[in-house]
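Notes for the one structure printed next.
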Amino acid sequence: MSLDGLFVDPARVAPVVAALATKLRRHTVAAVCGPLTGGAFLAQALAVDLGVEFYHTAPRAVSSDTGFFKATYSLPSAVRQRVRGQRAAVVDDVISAGSSVRASVASLTAAGGSAVVIGSLLVLGDRAVAHFADSGIPIEALEHREFVLWKPSDCPLCRAGSPLEDPRVTECSLADSVPGQLGRGA
């Protein structure tokens, strides 16, 4: 599922942004933060809709250690002071394992802010939902879908040596892939 073109036409995605903003509004946030490699455009659009500040986190180089939740993201130094004491929504366009959102929450918290809600257009599976429920942070999403996420050692495709992507398949849009709210011309 390619999301690269989702925010190319802001007017077309505006109803979806407004629907998520409605869900986030009840959490009384002062800012919206999103990882630069996914949720930053959504975070910025939500911040405009909610009338709050916008922050983003950027990926940092990490060791060659592989596995889940190894992502490291950081706030730009110019905004770290602004984050202190802020109640923020941390958002991503699609969340599965939640690595970039977890890393963004960690960066926000380290700078003195607090993540009071996680937002997403689509949540795949329950791994991130369980993690944030254990942390006491609710997730607001427009859609939830089942999603099986394997460790590489448990993945049947990996064991069979099959490619994880079929290069012959063309990109699909989120609007074509997600029923309900997202499938209505967003």
Side-chain angles (χ1 to χ4, degrees), residues 1-27 29 31-60 68-69 71-76 79 88-105 107-108 115 117-129 131-132 137-149 163-186:
M1 178 182 326
S2 175
L3 303 175
D4 292 338
L6 188 60
F7 288 90
V8 170
D9 184 351
R12 186 169 180 221
V13 78
V16 175
V17 170
L20 185 55
T22 297
K23 289 177 169 268
L24 297 178
R25 193 167 275 113
R26 65 178 160 245
H27 297 278
V29 297
V32 183
C33 179
L36 196 55
T37 56
F41 291 122
L42 175 60
Q44 188 172 44
L46 286 164
V48 169
D49 195 290
L50 294 168
V52 299
E53 292 190 350
F54 157 70
Y55 309 129
H56 74 277
T57 57
R60 290 192 324 212
F68 291 127
F69 318 120
T72 305
Y73 283 69
S74 61
L75 290 160
V79 299
V90 177
V91 303
D92 206 348
D93 44 17
V94 175
I95 298 173
S96 54
S99 295
S100 60
V101 174
R102 288 180 191 212
S104 295
V105 168
S107 182
L108 183 73
V117 64
I118 305 300
S120 186
L121 301 176
L122 174 63
V123 174
L124 298 171
D126 61 1
R127 188 171 290 234
V129 173
H131 169 78
F132 288 112
I137 304 173
I139 292 183
E140 299 285 0
L142 297 183
E143 297 283 340
H144 291 264
R145 286 221 178 146
E146 292 301 316
F147 185 67
V148 178
L149 189 63
L164 297 178
E165 294 180 358
D166 185 343
R168 298 168 296 171
V169 175
T170 60
E171 293 182 7
C172 67
S173 73
L174 185 60
D176 296 334
S177 302
V178 182
Q181 182 69 33
L182 297 179
R184 286 185 245 153

Distance, nearest 0.5 Å, that separates CZ of Arg102 from CZ of Arg127: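 Atom-to-atom, Arg102:CZ and Arg127:CZ are 8.0 Å apart.
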Testing the basics here: between [X] and [Y], what is the closest heavy-atom pair and its distance to 0.1 Å?
X      : Y      : result
Pro59  : Thr37  : CG-CG2, 3.9 Å
Ala21  : Leu46  : N-CD2, 3.5 Å
Ile95  : Gly119 : CD1-O, 4.1 Å
Phe54  : Ala47  : CB-CB, 3.7 Å
Ser100 : Pro35  : OG-CG, 3.7 Å
Ala141 : Val123 : CB-CG2, 3.6 Å

Do the side chains of [Y] and [X] get nearer than 4.5 Å, heavy atoms only?
X      : Y      : result
Val105 : Phe132 : yes
Pro76  : His56  : yes
Cys33  : Leu75  : yes
Arg26  : Val117 : no
Phe41  : Asp93  : no
Leu20  : Leu42  : yes
Leu121 : Leu6   : yes
Leu24  : Asp49  : no

Quick one: does any side-chain atom of Asp92 pair with a main-chain N or O of Gly39 as donor and acceptor, under 3.5 Å?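 Pair found, side chain donor or acceptor close to backbone of Gly39.
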Say whether, by atom type as modelled, one donor and one acceptor occur between the side chain of Thr22 and the main chain of Ala18 under 3.5 angstrom.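 Here the side-chain-to-backbone pair exists.
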Distance alone, cut at 3.5 Å: any donor-acceptor contact between the side chains of Tyr55 and Ser104?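 Note: Tyr55 and Ser104 side chains miss the donor-acceptor criterion.
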